[in-house]
Trainee: 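Take a look at this one; I'll ask things after.
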There are 2 protein chains.
Amino acid sequence: MSKIVNYELITSTSNIQADMYGSRAKCLQRLIRLGLPVPQSVALSVPFVNSIALGKSIDLKKLVTCFPNSPIISVRSSPVSAEWGGPSTILNIGMNSEIEKVYSNTLGSFAARELHIKFIKSFAIEVMRLDDEIFDHINITPEVAIDAYEQEIAECFPRTIEAQLSEVLKSMSRAWQGTSARLLRASKGAADDAGLGLVVQQMAFGLGKGESGAGVIQFVDSDTGIKREIGRYLSQSQGRDALINKKAAIFLTKDERGPSLEDTQPDIFYELTKAGVNCSKGLKEEMQIEFTLQNGRLFILDAIPTPRNALAAVEVVTSLVKEKIISKKEALLRIDPKSLSDLLHQQVAPGSIRNIISKGIAASPGASTGKLVFSSLAAQVSAAKSESCILVRRETTPEDIRGMHVANGILTERGGNTSHAAVIARGLGLPCVSGALGIKVDPKQKSLVTEDGRIFVEGDLITLDGTAGEVLEGKVPLVSVGLMDSFYTLMKWSDEFRDIGIRVNADTPQDAGVASKFGVEGIGLCRTEHMFFAEERLTVLREAIFANSSLDRATALERILPMQRKDFSALFKIMAPLPVCLRLFDPPLHEFLPNSRAGVQQLAEAMNLTLKEVQERIEGLSEFNPMLGMRGVRLGITVPEIYEMQARAIFEAVIDIAISSKQNIVPEIMIPLVSAKREVELVKSSIDSVAKQVSEEFGCSIDYKLGVMVETPRAALRAGEISKDVTFFSFGTNDMTQMTYGLSRDDAGRFMSNYVSQGVFEEDPFHILDRDGVGELLSLACERGRETNKNLTLSVCGEHGGDPESIEFCRALGMDYVSCSPYRVPVAKLAAAQLAIINK
Amino acid sequence: MSKIVNYELITSTSNIQADMYGSRAKCLQRLIRLGLPVPQSVALSVPFVNSIALGKSIDLKKLVTCFPNSPIISVRSSPVSAEWGGPSTILNIGMNSEIEKVYSNTLGSFAARELHIKFIKSFAIEVMRLDDEIFDHINITPEVAIDAYEQEIAECFPRTIEAQLSEVLKSMSRAWQGTSARLLRASKGAADDAGLGLVVQQMAFGLGKGESGAGVIQFVDSDTGIKREIGRYLSQSQGRDALINKKAAIFLTKDERGPSLEDTQPDIFYELTKAGVNCSKGLKEEMQIEFTLQNGRLFILDAIPTPRNALAAVEVVTSLVKEKIISKKEALLRIDPKSLSDLLHQQVAPGSIRNIISKGIAASPGASTGKLVFSSLAAQVSAAKSESCILVRRETTPEDIRGMHVANGILTERGGNTSHAAVIARGLGLPCVSGALGIKVDPKQKSLVTEDGRIFVEGDLITLDGTAGEVLEGKVPLVSVGLMDSFYTLMKWSDEFRDIGIRVNADTPQDAGVASKFGVEGIGLCRTEHMFFAEERLTVLREAIFANSSLDRATALERILPMQRKDFSALFKIMAPLPVCLRLFDPPLHEFLPNSRAGVQQLAEAMNLTLKEVQERIEGLSEFNPMLGMRGVRLGITVPEIYEMQARAIFEAVIDIAISSKQNIVPEIMIPLVSAKREVELVKSSIDSVAKQVSEEFGCSIDYKLGVMVETPRAALRAGEISKDVTFFSFGTNDMTQMTYGLSRDDAGRFMSNYVSQGVFEEDPFHILDRDGVGELLSLACERGRETNKNLTLSVCGEHGGDPESIEFCRALGMDYVSCSPYRVPVAKLAAAQLAIINK
């Protein structure tokens, strides 16, 4: 075994690297360099701690000599990354009866005895893992405590500092290897063999003569990031006792509610605030400081970055930039992009009591409270009365869209993270829990039965926590996060650095409005069929679907034409001069047909058909695997009237805008579900001929860009020939994932969690883009598409467009932009900026 | 323009190539070389005929000088390939009043006049496309005919041979370019610019003094291929009149029914039979000869390969080999592999009257007549009464299997060429028409309504023509083709030459029995779930599906275990020592649940549950896209008890055989629907542990081969890592095609014919393997799989395994074998042999 560095005294000149000694050791060295009064500290190296965990015997005599005679010390964990947590600090190591006597002189006998008892208890409980009940005595003394210990464990309590320290180090190093510690740090992204260092520190007691005590101070508000000193101080205490025992503790700054450190120890307070400023400048971060007064003298024992929520984090980094402490780049890198989505939604107030009805998939973030409704109609009735409601369905279908638009949250019994409910809810920025475990929805009875048999009926209040994926009983306090200027500042900085475009998936002017608040470079995906969900349109569309002849169908579609033209005009107007990419009608027709008996009857009446006729036609349109059936371009080619109407509506909208706003729009038209080149040729020639007609009718030239939604493996493989006729590809990664795995997103819910937990799939591929399989197809398609067509524009418009890891992959493939739902735009922008900064 | 060769006199030494002058010119030269009395013939080249079609003026004076003074000639088409057809022969060109007088001397005035009238009529009708009604005169003379012609067309009838010939050549060359001729020859595989030559031949009249007449003779039976002279001869006739007017014509060989050529002209008959022998030796083919007697002298005007059905074709080529005229290789190359499937089924007798009820997809070949039944139960009742029945369903499901097994044919309203009905029917060798257009099946009313409103009810007789894809009213005569020795000889020869293995997809001992008649190298795919369809097993399986706990499930499956063991033992016994590849349970569980109310009720009773409970559980198992849902290895991992039971059944069967037959079986176990390496690892470790248990229990070692059914695009892409743990890949090309295109085979029926006819897809990819897309994935998978695992065995076991073009592709990829349904084995064998011969 090669010789390893065991430990190092932390001084301003010693060589303390975080990857060797851990982040706490490094941080303490920085505090020392800033001239702060840090007690003598020794850093134990990661390999040394590792060897202790492996049972290697260690000689601590020399280590102890780093500290003055009769030392009392503490051990703190120092993981390589501060986020990984680590075993709790053990204080007062070195105490025994002799040492107690020594310290009785300096601290007083009461304090010395207290320290002794504290150590025995914490050694027994934290290190030896004994039950704290053994110390349930009214009058505990060190002797009583040691007796209790020795009775319990049938071993002598270690008396020498070396023996005590040895046990502490063994315990802490082993705890780091335990399953729960591993799981905990794995959730923060730590590798399985993540390293732990330790810091052995001379005690500052906080107990004894003169002003002694301990406290914690921070200099920004954890909830808002706004600058102010916050904390508590408790006389005759150690560590973080002041925070645990807030009632006894005093404020730091002058406060009406009681005494403060600023009142009682103005010099100390001044010294602390100065330390805070030093820290923020020196460590380029807002720190929370753990301090101790010993006989009126200040010691700074530790400092960690001030804990903060997403809002505060944004405020802190923008402040640091304004103070010229960090650069914009640094600020952008410090924010976790995924945390930004928390800022855009209401959340359950921290610390609220959660009476959980069911857990499901956290399908769309945010929280809301409302009355249960079990149908789209009931949701609309509720909205008409201005009552907040949660729409509950087994699963949602396009028929539910109107209800979803007015509901305050969506709960489904079935479906996964990319089910209809989930996708629509994210688009609408509504909280959604899908695939809620154990609940049974009965739409007829208008009731919901939980796994344990509780029944909730229409009108009952529930709270949906879409961030946590929980359904909560009754009303639960919610907090709304107001976006501050700093948020928009961060967005602006993101735009300065990122080198991949961000567009939005927006189907309606409302969506487009939300997105333009955040700033986007256009609409990357407008699902034009979503515009058919309005009641009067749905009826006309159904007539078109049921038409017996091409002429009848065209006649019905002619009534839809002006509506679609209006839709497109509105979108063009909001977005101009930014581009708008319109995907032609995609879903199977039967999605637009009623699936309830009442709906069928209504349709029969409207269309003057018998119930049986309507049912037969609906059955005739039903499919075994709708995802793989007559939809997308297949529908466009088989029933060409729909695409012709849409193309005309687009071109007429372009002319509308040209006349009304003098803006020259070049619409982007995208063909869905392509699998063969000839499909593109046929649609192109049909759109070209509509363009020619419209251009002749209105006497002006019409330009447009044609593109393909690449979402079948075959389209990816044949990208070389498909790219010839088009100007852009946009990857539909949802469908591509479904087809590459042979896995329906709506049906995956039943086994996906099992699969991910068994490691069959490393991640849910509908959540994180599968680079190995789906990714290879994307990569092939990019390469082949650009080989044939150098100027081909490439993008992703599937759900992955808003996921940072997927954006990284798209950027690496040289894509021009990603497109995501409105509320994912800030996440995507920041992630893109970080990638550009890291990879430049 | 470069000088083109215009024409060439056909002599035994002239340079006549089929690609320059067409196949008929080449054939005539061969007849001349054989010393047969062929009249003077001139071959016009393809480019020359082409230039005529393009309107180039031609000088025919020199051409006419090839023939003696006052010539009368015919023009015959000579396409580059004989199969492509071509315009009809025009006879007697050169006739006019003067020539008529000349020939009156040699032929007699009646014959000369007849020839003149015949020419005028055929010129008017065939060349100038006039209506034949204009010649409806009782006493027609050349003068009357020419008058009628000139009145109709207001142009002079051409009198010189050059003028007449010019019009004939123009007409024939243009007819070749016509749409119907193009379509006709395209259906035979001709390219769009396929070439036509023409042959100008001195007439042998068949009319006039002495014995004059025409006839056709062939030397093998067109229906059986067995050698015998067959044909007719008619005095005072031309061309093929003897076949058109059979009543007036006489037999060729001695016949009880009347006079024969053998009686009346024994020398001529002898000369003809000698010509036949010469032809078969010289042309290495059985020819049909068109001959003419002119004043007692024999002329042979033309010869074509004798028309024959598939059975006769096989008999002919094997005879030619036995006579040492052609080699085995040549014999194998002459049979169209696809034609062999006709031999294995009953067919509608040629010439039968077809009262078509509906046309659909020709999903499984053969024909049968039976009473309509609308449920599996009714089919079984019918079978119990030994009544032939046709099972009619909207679409079939596994619940219908027992009915399908006993029915004589299957008709479905919905579904494509690879629907459940189609696949099962092909496996069972039953005729099937799927996706029948315009019919409405009402299982409750037990009726079928056609597009034109006719109603057929249970018990009505229909005939199903699965070869043509037609549903016929009533009973239609069927013919059964008995397989002759020559068929098995051909199979044996195929085995001698082919260099890719052929296995069979067989789920039952019956299937395996059929296949072993044809000779195979093992079972390539046994769908083990098909064994669950027997009534008593289905009930136990349903109990397993509905089990509330892992233990309950295992208990239910334990009852299935001995049944499966028996299945596997039987298959091993039939096939030993050939390998058997068993695919683990694949379909979604809900396929095994009842879908009728009666079925649900029955299940509720059997399982002591309420109707509502059963319905809820069934609903709970239903999926949006079952093809992409919880099936295959996903089910195997989520509900591990099923695979464990199957593995145990397999290993116990191996031990059964080892004990009873002293045969050492190494079973092949295949995992379906894999998309990630880890899936294989998990199943492998589970099977390994079952193998270990069984081996310990029985005290003997167990060996097995593990493989993956590669049927998702991802499995193909990740083949490099997936191949590490397995010994074989078998490509499931059905599913791979579905996922690569994003297209469900069951739902494709609604637009596939439209798509193929519009050329969107060149072929139905479920029929002919898509080399460009699916093929690339296969190719990638083969390459990557073998890169990691050099000894990896590769095969295809999807429906494409029996398709000659797909076999070609698989062979090119270096696959070890293909596996196909029993009745496709002969097709696959012959196709494989042809590939080996052509590519060696």
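Chain A is the first sequence line, chain B the second, and so forth, proteins listed ahead of strands; every chain is numbered from 1.
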Trainee: Side chain, backbone, both or neither: which part of A:D735 has a heavy atom under 4.5 Å from chain B?
Mentor: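 Neither part, no heavy atoms under 4.5 Å.
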
Trainee: Any idea which of B:L635, B:D770, B:V674 has the most non-hydrogen atom pairs under 4.5 angstrom with chain A?
Mentor: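 Top option by heavy-atom pairs under 4.5 Å: B:D770.
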
Trainee: Please check if the side chain of B:D442 supplies one atom and the backbone of B:K444 the other of a donor-acceptor pair under 3.5 Å.
Mentor: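 Yes, B:D442 side chain to B:K444 backbone: donor-acceptor pair under 3.5 Å.
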
Trainee: Which answer fits A:F761, side chain, backbone, both or neither, if we ask what part of it has an atom under 4.5 Å from a heavy atom of chain B?
Mentor: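 For A:F761, side-chain heavy atoms alone lie under 4.5 Å from chain B.
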
Trainee: Name the region of A:E395, side chain, backbone, both or neither, that has any atom closer than 4.5 Å to a heavy atom of chain B.
Mentor: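 Looking at A:E395, just its side chain touches chain B.
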
Trainee: Which heavy atom of A:T740 sits nearest a heavy atom of B:T712, and at what distance?
Mentor: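 Taking A:T740 first and B:T712 second, the nearest heavy atoms are O-CB, 3.6 Å.
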
Trainee: Strictly below 4.0 Å, N to O, side chains only: are A:E681 and A:K677 in salt-bridge contact?
Mentor: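 Looking at A:E681 and A:K677, the cut-off is met.
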
Trainee: Is a donor on one side and an acceptor on the other found under 3.5 Å between the side chain of A:E763 and the backbone of A:I768?
Mentor: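 No; zero donor-acceptor contacts below 3.5 Å.
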
Trainee: If you count heavy-atom pairs under 4.5 Å between each of B:M630, B:E413, B:Q738 and chain A, which one has the most?
Mentor: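 Among the listed options, the one with the most contacts to chain A is B:M630.
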
Trainee: Where is the tightest heavy-atom contact between B:F585 and B:F592, given as atom of each residue plus distance?
Mentor: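 Taking every non-hydrogen atom into account, CZ-CE1, 3.3 Å.
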
Trainee: Go through A:L621, A:L673, A:V774, A:L777 and name the one with the most non-hydrogen pairs under 4.5 angstrom from chain B.
Mentor: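 Winner by heavy-atom pair count: A:L621.
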
Trainee: Examine whether an atom of A:T737 lies under 4.5 Å from a heavy atom of chain B, and if so say whether it belongs to the side chain, the backbone or both; otherwise answer neither.
Mentor: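 Neither part.
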
Trainee: Return yes if some donor-acceptor pair links the side-chain N/O of B:R714 with the main-chain N/O of B:S675 below 3.5 Å, else return no.
Mentor: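 Answer holds: yes.
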
Trainee: With only heavy atoms counted, which part of A:V633 is less than 4.5 Å from chain B, the side chain, the backbone, both or neither?
Mentor: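 Both parts, backbone and side chain.
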
Trainee: With a 4.5 Å cut-off on heavy-atom pairs, point out which of A:G632, A:A676, A:S622 contacts chain B the most.
Mentor: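 With the most close heavy-atom pairs to chain B, the winner is A:S622.
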
Trainee: Which region of A:L743, side chain (C-beta onward) or backbone (N, CA, C, O), has a non-hydrogen atom less than 4.5 Å from a non-hydrogen atom of chain B, or is it both or neither?
Mentor: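 Both the backbone and the side chain of A:L743 come within 4.5 Å of chain B.
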
Trainee: What part of A:R745 gets within 4.5 angstrom of chain B, counting heavy atoms only: side chain, backbone, both, or neither?
Mentor: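 When you check distances to chain B, no heavy atom of A:R745 falls under 4.5 Å.
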
Trainee: What closest approach, in Å, do A:P765 and A:M752 show between heavy atoms, and which atom pair accounts for it?
Mentor: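 In this case the closest contact between A:P765 and A:M752 is CD-CE, 3.7 Å.
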
Trainee: Among B:R634, B:R678, B:R394, single out the residue with the greatest number of heavy-atom pairs under 4.5 Å to chain A.
Mentor: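 Option with the greatest count: B:R634.
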
Trainee: Looking at A:A781 and A:A719, what are the two nearest heavy atoms and their distance?
Mentor: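 Result for this residue pair: O-CB, 3.5 Å.
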
Trainee: Using distance alone, with no hydrogens and no angle criterion, decide if B:E641 and B:S550 have a side-chain donor and acceptor under 3.5 Å apart.
Mentor: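 The answer is yes; a qualifying pair exists.
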
Trainee: For chain A, which candidate among B:G742, B:G773, B:G759 shows the most heavy-atom pairs at distances under 4.5 Å?
Mentor: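 Option with the top pair count is B:G742.
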
Trainee: Using heavy-atom distances under 4.5 Å, tell me whether A:R414 contacts chain B through its side chain, its backbone, both, or neither.
Mentor: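 Only the side chain of A:R414 comes within 4.5 Å of chain B.
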
Trainee: Heavy-atom pairs under 4.5 Å with chain B: which of A:L717, A:D772, A:T638 has the most?
Mentor: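 It is A:D772.
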
Trainee: Under 4.5 Å heavy-atom distance to chain B, tell me which part of A:E679 shows up: side chain, backbone, both or neither.
Mentor: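 Contact with chain B involves both backbone and side-chain atoms of A:E679.
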
Trainee: Which pair of non-hydrogen atoms, one from B:A363 and one from B:A422, has the smallest distance, and what is that distance?
Mentor: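 B:A363 and B:A422 have their closest heavy atoms at CB-CB, 3.6 Å.
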
Trainee: Counting heavy-atom pairs under 4.5 Å to chain B, which of A:A716, A:P713, A:G629, A:G415 comes out on top?
Mentor: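 Of A:A716, A:P713, A:G629, A:G415, A:P713 has the most heavy-atom pairs under 4.5 Å with chain B.
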
Trainee: Select one option (side chain, backbone, both, neither) describing which atoms of B:E776 are under 4.5 Å from chain A's heavy atoms.
Mentor: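 For B:E776, the side chain is the part near chain A, not the backbone.
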
Trainee: For A:R718, is it the side chain, the backbone, both or neither that has a heavy atom under 4.5 Å from a heavy atom of chain B?
Mentor: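 For A:R718, side-chain heavy atoms alone lie under 4.5 Å from chain B.
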
Trainee: Please tell me if the side chains of A:F729 and A:S723 come closer than 4.5 Å, counting only heavy atoms from C-beta onward.
Mentor: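 SC-SC contact between A:F729 and A:S723 confirmed.
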
Trainee: Considering all heavy atoms of both residues, which atom of A:M627 and which atom of A:M739 are nearest to each other, and what is their separation?
Mentor: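 Closest approach of A:M627 to A:M739, heavy atoms only: O-CE, 4.3 Å.
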
